[in-house]
Peer 1: 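If you scroll down you'll find the structure; I have some questions about it.
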Amino acid sequence: MVDPDTQAGWDAEDDAEEMPLSLRLSIADTLTLGNATCGFMAVYFTTTGILIPHLQGSQETGMARHSAATAVILMLLAAIFDLCDGLVARKLRSSPMGAELDNLSDLISFGLAPAYFVLVYGMVADDAHQRVSAVAAIVVLLAVVLRLARFSCVTLKDGMFQGMPSPFGALTVVSIVLLELPFIPTLLAIIGTAWLMVSRVEYPKPRGVLAVAMLGWIVAAMGLLAAWAFDAPAGQLLLQTGCALQIVLAATIPLFATARRVNTFRDNRRESREARAAQLP
């Protein structure tokens with residue numbers, strides 16, 4: 001039963017005015033939720049298309065290939081959402097929940113999804129060890145948790161990240177798995193990537209030209225995965241080339257960052273010596 005006085009005095013505009021600002025989603029927040037949805041669906045396709053058929057003894061490799069490609073494409077799509085929500089938030093606005101939504105979504109798409117991908121790899125690969133792979137998956141997940149927590153607490157200079165960004169780390173982890181190296185090198189590379197995510201190595205934030213380049217790389221990676229999934233000519237070679245390039249980028253960026261830090265340290269020492277020399281009589 002509805003109170004006529006209450007009904008007469010209520011309309012959607014009044015409700016919107018009374019709604020706390022913290023509960024209003026912005027366009028950037030909607031993109032962030034798309035990020036979380038893609039991460040969850042990546043877990044879904046990894047389970048239904050790879051793990052369950054393997055447990056049932058299915059010998060259909062095409063289905064597993066399609067599902068693996070779909071799961072990774074969804075992680076790439078989540079990275080696009082993550083890239084765009086930051087750009088939109090800077091151009092328009094983000095709700096007070098924006099930072100928390102972003103961290104929670106990143107944990108799903110770039111923590112849980114790639115860690116689960118590693119876990120399933122350890123269960124279905126011929127030369128893998130399930131328990132060791134489970135430990136590696138936990139290491140990846142905890143690295144992302146620690147990295148996101150530190151990002152929320154530490155203030156860094158503008159334009160730089162401390163540690164490998166979680167989207168880049170997640171894509172590097174799945175690239176290592178898809179490259180199909182022997183188990184021990186795969187395990188070491190995954191742990192090395194997890195270490196880079198919690199390290200103090202500086203990574204540039206994707207803005208301007210770098211953001212466009214990253215978006216182009218993600219789209220190209222989607223194309224390589226689609227070619228591999230549909231068994232296109234040289235699709236396997238193209239995928240391995242793309243995965244190798246991702247791993248090379250992950251390995252070389254810290255080297256450039258370290259070289260830049262060393263050069264900065266040397267320049268500061270030289271300027272300090274010159275300043276002291278100028279003060280001498």
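Since the model is a prediction, treat every value here as computed from it, not as a measurement. Nothing fancy with the numbering, it's 1 onward along the sequence.
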Peer 1: Quick check: closest heavy atoms across Pro167 and Asp82, and the distance to 0.1 Å?
Peer 2: CG-OD2, 3.4 Å
Peer 1: Output all residues satisfying side-chain hydrogen bond (donor to acceptor under 3.5 Å, both in side chains) with Asp85, sequence neighbours left out; order by chain, then residue number.
Peer 2: Thr32
Peer 1: With respect to Thr193, which candidate in Val139, Val140, Ile176 satisfies the side-chain contact (heavy atoms from CB on, under 4.5 Å) definition?
Peer 2: Ile176
Peer 1: For Thr172, enumerate each residue passing the side-chain hydrogen bond (donor to acceptor under 3.5 Å, both in side chains) test, keeping only those at least two apart in sequence or located in another chain.
Peer 2: Gln246
Peer 1: Once rounded to the nearest 0.5 Å, what's the spacing between atom CZ of Arg131 and atom CG of Leu119?
Peer 2: 13.0 Å
Peer 1: Same hydrophobic cluster for Leu245 and Met75, using side-chain heavy-atom links shorter than 4.5 Å among ILVMFWY?
Peer 2: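 No; tracing contacts between hydrophobic side chains, which count when under 4.5 Å, never links both residues.
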Peer 1: Give the intermediate values and the outcome of side-chain contact (heavy atoms from CB on, under 4.5 Å) for residues Thr186 and Val118.
Peer 2: CA-CA 10 Å; Thr186 297; Val118 170; over 6 Å; no
Peer 1: Can you measure from CG (Leu101) to CG (Leu31) and round to the nearest 0.5 angstrom?
Peer 2: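 Answer rounded to 0.5 Å: 11.5 Å.
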Peer 1: Give, for atom CE of Met164 and atom CG of Leu171, the distance between the pair rounded to the nearest 0.5 Å.
Peer 2: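 So the gap between those two atoms works out to 10.0 Å.
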Peer 1: Of all residues at least two apart in sequence or in a different chain, which pass the side-chain contact (heavy atoms from CB on, under 4.5 Å) check with Ala211?
Peer 2: Leu83, Pro206
Peer 1: So which pairs with a foot in residues 169-195 pass ring-ring contact (aromatic ring centres under 6.0 Å, His included), sequence neighbours left out?
Peer 2: His129-Phe183
Peer 1: Less than 4.5 Å apart, side chain to side chain, heavy atoms only: is that true for Phe110 and Phe168?
Peer 2: no
Peer 1: Could you work out the complete set of other residues in the hydrophobic cluster of Leu238, with links drawn between I, L, V, M, F, W and Y side chains under 4.5 Å apart?
Peer 2: Leu224
Peer 1: Taking only distance into account, with no hydrogens and no angle test, what donor-acceptor pairs under 3.5 Å do side-chain atoms of residues 38-56 form with protein atoms, sequence neighbours excluded?
Peer 2:
| from | atom 1 | to | atom 2 | distance (Å) |
| --- | --- | --- | --- | --- |
| Thr46 | OG1 | Ala42 | O | 2.7 |
| Thr47 | OG1 | Val43 | O | 2.9 |
| Thr47 | OG1 | Tyr116 | OH | 2.6 |
| Thr48 | OG1 | Tyr44 | O | 2.9 |
| His54 | NE2 | Met123 | O | 3.0 |

Peer 1: Looking at CD1 of Ile247 and OG1 of Thr252, how far apart are the two atoms once the value is rounded to the nearest 0.5 Å?
Peer 2: 11.5 Å
Peer 1: Under the side chain to side chain donor-acceptor pair (under 3.5 Å) definition, can you give me all pairs with a residue in residues 105-114, not counting sequence neighbours?
Peer 2: Asn35-Asp106, Asn35-Ser109
Peer 1: Quick check on the hydrophobic clustering: are Ile191 and Ile184 connected, directly or via other members, by side-chain heavy-atom contacts under 4.5 Å?
Peer 2: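 In one cluster: yes.
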Peer 1: Would you say Arg150's side chain and Gln162's backbone share a donor-acceptor pair under 3.5 angstrom?
Peer 2: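 Checking the backbone N and O of Gln162 against the side chain of Arg150, a donor-acceptor pair under 3.5 Å is found.
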Peer 1: Transitive ILVMFWY cluster of Leu210 at side-chain heavy atoms under 4.5 Å: who else is in it?
Peer 2: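 Grouped by the 4.5 Å side-chain rule, Leu210 forms a cluster of one, so the answer is none.
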Peer 1: Taking C-beta and beyond as the side chain, do Leu33 and Phe81 meet within less than 4.5 Å on heavy atoms?
Peer 2: no
Peer 1: For Met222, what residues pass the side-chain contact (heavy atoms from CB on, under 4.5 Å) criterion, not counting sequence neighbours?
Peer 2: Ile73, Leu76, Leu77, Ile80, Ile218
Peer 1: If you define the side chain from C-beta out and look only at heavy atoms, does anything of Ile190 sit under 4.5 Å from Val177?
Peer 2: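 Result yes, sub-4.5 Å side-chain heavy-atom pair found.
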Peer 1: Please report the interatomic distance CD(Glu202) to CZ(Phe161), rounded to the nearest 0.5 Å.
Peer 2: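 One gets 12.0 Å once the value is rounded to the nearest 0.5 Å.
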Peer 1: Could you see if Leu188 belongs to whatever hydrophobic cluster contains Val132? Use Ile, Leu, Val, Met, Phe, Trp, Tyr and a side-chain cutoff under 4.5 Å.
Peer 2: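 Yes, Leu188 connects to Val132 through the hydrophobic network.
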Peer 1: Can you check side-chain contact (heavy atoms from CB on, under 4.5 Å) on Phe117 and Val173, steps first, answer last?
Peer 2: CA-CA 9 Å; Phe117 199 81; Val173 167; over 6 Å; no
Peer 1: Using the rule that two of Ile, Leu, Val, Met, Phe, Trp, Tyr join whenever any of their side-chain heavy atoms come within less than 4.5 Å, decide whether Leu148 and Val145 are in one cluster.
Peer 2: yes
Peer 1: Could you work out, with side-chain contact (heavy atoms from CB on, under 4.5 Å) as the rule, every residue matching Ala125, not counting sequence neighbours?
Peer 2: Tyr121, Asp127, Ala128
Peer 1: Mind checking whether Val201 and Ser199 have side chains closer than 4.5 Å, heavy atoms only?
Peer 2: yes
Peer 1: If you compare all heavy atoms of Ala36 against all heavy atoms of Ile108, which two are closest, and at what distance to 0.1 Å?
Peer 2: O-CG2, 3.8 Å
Peer 1: In Å and rounded to the nearest 0.5 Å, what is the OG1 to CD distance from Thr241 to Gln236?
Peer 2: 10.0 Å
Peer 1: Which pairs with one or both residues in residues 223-248 pass ring-ring contact (aromatic ring centres under 6.0 Å, His included), sequence neighbours excluded?
Peer 2: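 Qualifying pairs: His66-Phe230.
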Peer 1: Does the Arg200 side chain pair with the main chain of Gly163, one donor and one acceptor, at a distance under 3.5 Å?
Peer 2: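 Answer holds: no.
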Peer 1: Hydrophobic side-chain clustering at under 4.5 Å (ILVMFWY, transitive links): who's grouped with Leu142? Put none if nobody.
Peer 2: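 Joined to Leu142, directly or through intermediates: Ile138.
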Peer 1: Would you kindly confirm whether Leu196 and Val144 end up in one hydrophobic cluster when ILVMFWY residues are joined by side chain heavy atoms under 4.5 Å apart?
Peer 2: yes
